Amino acid sequence: MEILTCAACAHPLTAPLHLIAEAPDRPGYDGTKGPDGKRRPPATLPRGCYAIDPEPSGAPMVPYEGDDDSYPGAYPGGPAQLGEDGDWLVAGGPRNSYVTHPDDVVELDFHPDFARLGGCCGPAGDLGVNRVCPGCGAEAATVFGDCVGPYETHFAPDAVRAVPAADVPQADLPDPDRTAPAAGPGTG
Ligand SMILES: [Zn+2]
Ligand SMILES: [Zn+2]
């Protein structure tokens, strides 16, 4: 078991997690509100584990260079996205991000650049890193939680370290039984 910790200040950022060889297939979204009242698909990863995503993740969005007929969408599980020049766009962010269930992450602070938090029903995740370390403010993670994409938290590989859980002070970790907070009024 490892805990992902901030590369800048060593603050623990996740619950103890075990690495799985490959993320499960993304479950897709049926358009209904989940048990928490949010419009988004179920989380891709089960609780308690993490995976390494070999594909580029998140911003910057870059022109797609493949055949139009095989355009995969702007990011895995995400929508088509057209750039200003009329090019299809795909994620050009870092490969090998660590992917977790969003509920296995400690409470991160919002990125001070609120423009990065945009989306339809939740953060789209394609506008740059959108969460920062609560210990030091370093850019830490990108939450994808919109109706048009997957429900995942991605940590850029250079933002965190995977540290044996036994070596991390356990005080600040998320409750393993935590579920997403109940929906408040007006959350769509
Ligand atoms: Zn929506
Ligand atoms: Zn930090």
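Hydrogens, waters and symmetry mates play no part in the numbers below; they use all other heavy atoms, side chains included. Both ligands and their constituent atoms are indexed starting at 1 by order of listing. Residue indices begin at 1 and follow the sequence shown. Everything quoted here is computed from the prediction, not taken from an experiment.
Within a radius of less than 2.8 Å around the Zn ion (ligand 2), the protein N, O or S atoms are Cys6 SG, Cys9 SG, Cys133 SG, Cys136 SG.
For the side chain to side chain contact (heavy atoms under 4.5 Å, CB included) criterion with Leu45, the lone passing option out of Thr153, Asp103, Ile20, Thr100 is Ile20.
For Glu55 and Tyr75, the side-chain atoms include no donor-acceptor pair closer than 3.5 Å.
A salt bridge does not link Glu107 with Arg131: none of the charged nitrogens is closer than 4.0 Å to a carboxylate oxygen.
Aromatic ring orientation, Trp88 versus Tyr71: parallel (interplanar angle below 30°, classes split at 30° and 60°).
Within 6.0 Å of atom CZ in Arg26, more than 12 heavy atoms from other residues, nucleotides or ligands are found, so the atom counts as buried in its surroundings. Residue-environment remark: CG (Asp30) exceeds the threshold of 12 foreign heavy atoms within 6.0 Å.
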